[in-house]
There are 2 protein chains.
Amino acid sequence: MKKPYISKNVIQRMPRYLRTLTELQKEGIHRISSGELGARMRLTPSQIRQDFACFGGFGQQGYGYNVKTLRDEVASILGVNRGFQMVLVGTGKIGQSLLENFDFESYGFKLRAAFDIRHDLIGENICGVPVLDCSEMEDFIRSNGIHVAVLSTNRAGAQRAVDTLIAGGIRAIWNFTECELSPGDSDVIIESIHFSESLLRLGYHLSNSASA
Amino acid sequence: MKKPYISKNVIQRMPRYLRTLTELQKEGIHRISSGELGARMRLTPSQIRQDFACFGGFGQQGYGYNVKTLRDEVASILGVNRGFQMVLVGTGKIGQSLLENFDFESYGFKLRAAFDIRHDLIGENICGVPVLDCSEMEDFIRSNGIHVAVLSTNRAGAQRAVDTLIAGGIRAIWNFTECELSPGDSDVIIESIHFSESLLRLGYHLSNSASA
DNA sequence: CCCCTCTCGTGATTGTTTTAACAGGAAAAA
DNA sequence: TTTTTCCTGTTAAAACAATCACGAGAGGGG
């Protein structure tokens with residue numbers, strides 16, 4: 001299996017394949033062709049075949065794709081069930097909301113601890129996750145082999161937290177702040193969710209749509 | 001000014017330009033060249049010049065771009081200050097969290113009402129936004145000329161809410177559910193934020209990074 | 001067993017996006 | 001004023017991505 005380079009757009013589509021295939025499985029559908037899957041996802045059959053071909057090709061001529069097999073392959077590509085170790089930094093509104101609502105487990109992430117600087121929260125336990133003091137963070141990451149940090153601090157604390165995380169040897173950051181994070185010369189992976197950018201895009205489409 | 005077609009990627013970058021330019025303005029920087037802006041945003045100067053050229057070109061040879069002018073142009077392209085009228089559907093955890101934390105006003109959106117089916121919430125007031133019964137939604141949208149709906153229902157209620165919104169004449173939906181929404185033959189604009197897809201992408205990069 | 005249908009994987013083609021190169025004109029310096 | 005420097009907008013080239021077209025091989029019916 002050769003993997004010279006997987007394009008950004010292909011990676012962007014993989015989680016959506018996983019979601020769709022999981023739904024198909026729940027609906028009790030065992031096999032599907034690129035054409036049917038394409039109709040469902042509004043993609044061309046060609047693109048679907050080529051996307052999976054990047055990773056080796058999991059289909060069979062004259063038959064299509066086995067839904068379970070394909071789902072498992074996609075899950076494996078995305079690293080689900082790898083049991084990535086995780087911490088959360090910043091237990092403000094967004095942080096707490098994630099702790100309470102988001103099902104990290106089902107995507108293969110284990111949330112070990114949350115960190116904050118506010119002393120009224122430290123020592124508490126939010127949905128089974130202990131809240132610790134930020135000063136312990138670097139050690140905690142190193143000793144527990146933490147792979148990923150959810151960054152949900154306020155603007156002021158973001159870059160400082162990033163520096164500490166990198167010092168502790170973090171490998172990836174899931175960024176919910178509106179900041180432009182600077183990873184220095186580290187090769188840390190940063191994946192951001194920017195609410196405001198998404199809403200502004202919507203504003204653009206609204207301003208420029210036919211019925212504007 | 002001709003606008004044959006603005007590519008998706010260009011639109012994707014516009015909100016980031018707005019954010020960066022706003023920061024520059026706060027820092028008291030009045031002029032900037034495509035080279036300096038590119039260094040700051042990790043984009044090539046060429047790309048920046050070409051992006052702005054799509055909309056007419058706002059710079060001056062030998063000088064660069066005036067930060068305030070450029071920021072205002074980008075804001076105008078994105079429709080900030082158009083005063084889009086908005087409602088929120090589904091006052092669960094995510095919905096409430098948005099109501100309490102997100103500064104809709106500063107991006108040019110006016111939140112007029114929230115809707116839910118749970119009777120214990122109806123009649124309440126969250127951060128100055130009244131919570132109404134879903135049965136009133138279609139009328140409310142029509143009578144108040146609502147442009148956008150934030151969709152933060154649970155999975156079960158999502159498609160039903162979409163149908164009602166479209167019936168009321170909504171023009172855009174900011175989707176926080178994990179569902180594949182079907183707009184039927186309506187030309188409603190859908191902009192989604194999928195937490196899980198973002199996290200799964202992070203998982204991919206983590207699984208396939210050098211230090212994996 | 002043979003034939004027909006179905007559908008994948010792949011190589012060729014077309015289309016799109018990014019990067020590079022440059023002509024022209026403003027700013028700044030001499 | 002003249003010259004030099006700087007930097008845009010635009011055109012051309014390169015890189016990248018999506019689509020098309022087809023050979024090959026499995027499934028299924030007769």
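Sequence lines set the chain letters: A, B, ... in the order given, protein chains first and strands last, and positions in each chain run from 1.
For dT8(D), one of the phosphate oxygens OP1 or OP2 lies less than 4.0 angstrom from a side-chain nitrogen or oxygen of S34(B). OP1 or OP2 of dA18(D) sits under 4.0 Å from a side-chain N or O of R13(A). Of the side-chain N and O atoms in Y65(B), one or more sit less than 4.0 angstrom from OP1 or OP2 of dG9(D). Q60(B) has a side-chain polar atom (N or O) that falls below the 4.0 Å cut-off from OP1 or OP2 of dA27(C). OP1 or OP2 of dT16(C) has not a single side-chain nitrogen or oxygen of S7(B) nearer than 4.0 Å. Listed pair N9(A) / dC16(D) fails the phosphate criterion, with no side-chain N or O lying under 4.0 Å from OP1 or OP2. Between T44(B) and dT19(C) there is a side-chain N or O to OP1 or OP2 distance below 4.0 Å.
Relative to the ring axis of Y63(A), R31(A) places its NZ or CZ within 45° and under 6.0 Å from the centre.
The aromatic rings of F102(B) and F195(A) sit tilted relative to each other, their planes meeting at an angle between 30° and 60°.
For the residue pair T91(A) and Q96(A), no side-chain donor N or O sits within less than 3.5 Å of a side-chain acceptor on the partner. No donor-acceptor contact under 3.5 angstrom links the side chains of E138(B) and T164(B), judged on distance only.
Nucleotide dT10(C) holds its C1' atom 11 Å from the CD atom of Q61(A), rounded to whole Å. Taking atom CD of residue E36(A) and atom P of nucleotide dC6(C), one finds them 12 Å apart after rounding to whole Å. Taking atom CG of residue D51(B) and atom P of nucleotide dT17(C), one finds them 11 Å apart after rounding to whole Å. Taking atom OH of Y63(B) as the reference point, atom P of dT4(D) lies 25 Å away to the nearest angstrom.
Comparing dG25(C), dT10(D), dA18(D) against the side chain of Q47(A) picks out dA18(D) as the nearest. Closest to the side chain of R31(B), out of dA27(C), dA17(D), dC8(C), is dA27(C). For R49(B), whose side chain is taken as the heavy atoms from C-beta onward, the closest listed nucleotide among dT8(D), dC8(C), dA18(D) is dT8(D).
The salt bridge (Lys or Arg N to Asp or Glu O under 4.0 Å) analysis of residues 50-59 of chain B, with sequence neighbours excluded, yields the pairs R13(B)-D51(B).
Counting any heavy atom pair closer than 4.0 Å across all strands shown, S33(A) reaches sugar-phosphate atoms only and no base atom.
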